Amino acid sequence: FLWPQEEPMEGVYVLTVFLGDTWRQLALPHTCALDTLADTILDAFAFDRDHLYVFEVEDRFGSVQEIKHFYMDEPPYAHETTIGEFGLQPGQHMRFRYDFGEDWRFEIVVDRIDPTDRRMRRPKQLKTHGEAPLQYDDPDDE
């Protein structure tokens with residue numbers, strides 16, 4: 001399995017997660033597992049956590065690698081993979097696909113990697129822009 005870069009990157013990852021014109025800026029330590037990032041994204045957009053997902057990352061050879069929800073058949077799994085292991089650099093991106101029936105596609109861009117902050121143990125939301133779409137159709141509209 002090949003990551004975009006060879007060396008893990010330590011520090012605080014500052015990411016912007018886009019869903020259409022709506023975005024959320026998040027900060028997380030390099031030790032944060034991708035399943036925690038998935039939960040943080042879903043919370044930031046007020047989505048339920050009741051569907052499978054996959055992170056898609058393009059490796060340095062242009063091939064898309066997938067890191068999956070642990071209920072899926074094949075590794076690598078999101079709960080066993082940290083954001084720092086990718087070696088992503090500022091400007092690089094990955095995709096978070098959620099709920100394969102609805103096929104929500106969140107685009108994630110690495111804004112910057114700040115120095116390690118030992119006090120930061122979990123992700124936090126820094127900024128928001130726009131109102132998140134409803135995850136499910138509003139039953140009142142029918």
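Fair warning: this is a prediction, and the values are worked out from it, not measured in the lab.
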Following the transitive rule for hydrophobic clusters with a side-chain heavy-atom cut-off under 4.5 Å over Ile, Leu, Val, Met, Phe, Trp and Tyr, establish whether [X] and [Y] coincide in one cluster.
X    : Y   : value
L37  : M9  : yes
F61  : V64 : no
V109 : W23 : yes

Please report the closest heavy-atom contact between [X] and [Y], naming both atoms and the distance.
X    : Y    : result
I83  : P29  : CG2-O, 3.5 Å
L42  : D48  : CD1-O, 3.9 Å
G11  : I113 : CA-CG2, 4.0 Å
R121 : R118 : NH1-O, 3.2 Å
A27  : V12  : CB-CG1, 4.0 Å
Q89  : V110 : O-CB, 3.6 Å

Rounded to the nearest 0.5 Å, what separates atom [atom1] in [X] from atom [atom2] in [Y]?
X   : Y   : atom1 : atom2 : answer
H79 : T36 : NE2   : OG1   : 11.0 Å
L28 : I41 : CG    : CD1   : 9.0 Å
T81 : K68 : OG1   : NZ    : 10.5 Å

Would you say that [X] contacts [Y] through its side chain, given a criterion of any heavy-atom pair below 4.5 Å between the two side chains?
X    : Y    : answer
H51  : Q135 : yes
Q92  : P90  : no
W104 : L19  : yes
R112 : D114 : yes
H93  : E107 : yes

Give a yes/no verdict on a cation-pi contact between R97 and F106, requiring under 6.0 Å between NZ or CZ and the six-membered ring centre and an angle within 45° of the axis.
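Because its charged atom misses either the 6.0 Å distance or the 45° angle limit, R97 does not stack over F106.
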For residues 125-134, run the donor-acceptor check on the side chains, cut-off 3.5 Å, and write out each pair with its distance to 0.1 Å, sequence neighbours left out.
none

Could you go step by step and tell me if F45 and T22 meet the side-chain contact (heavy atoms from CB on, under 4.5 Å) rule?
CA-CA 9 Å; F45 286 87; T22 303; 3.7 Å; yes
Could you please spell out the steps behind the side-chain contact (heavy atoms from CB on, under 4.5 Å) verdict for L34 and T82?
CA-CA 6 Å; L34 290 184; T82 68; over 6 Å; no
Is there a side-chain contact (heavy atoms from CB on, under 4.5 Å) between I67 and V57 once you walk through the steps?
CA-CA 8 Å; I67 301 87; V57 183; 4.1 Å; yes
Sequence-distant partners of H30, side chain to side chain contact (heavy atoms under 4.5 Å, CB included), two or more places apart
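With sequence neighbours excluded, H30 shows a side chain to side chain contact (heavy atoms under 4.5 Å, CB included) to E10, Y13, T116, given in chain and number order.
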Can you list everything that forms a side-chain hydrogen bond (donor to acceptor under 3.5 Å, both in side chains) with E102? Sequence neighbours excluded, please.
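E102 satisfies side-chain hydrogen bond (donor to acceptor under 3.5 Å, both in side chains) with no other residue.
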Once the angle between the rings of Y98 and F96 is folded into 0 to 90°, is it parallel (under 30°), tilted (30 to 60°) or perpendicular (over 60°)?
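It falls in the parallel class, under 30°.
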Plane angle bin for H69 and Y53 - parallel if under 30°, tilted between 30 and 60°, otherwise perpendicular:
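Plane angle over 60°, so perpendicular.
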Would you say D50 has more than 12 foreign heavy atoms packed within less than 6.0 Å of its CG?
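Correct, the count exceeds 12.
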Is there a side-chain contact (heavy atoms from CB on, under 4.5 Å) between L26 and V14 once you walk through the steps?
CA-CA 6 Å; L26 309 173; V14 178; over 6 Å; no
Salt bridge present between R49 and D43 (N-O < 4.0 angstrom):
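Looking at R49 and D43, the cut-off is met.
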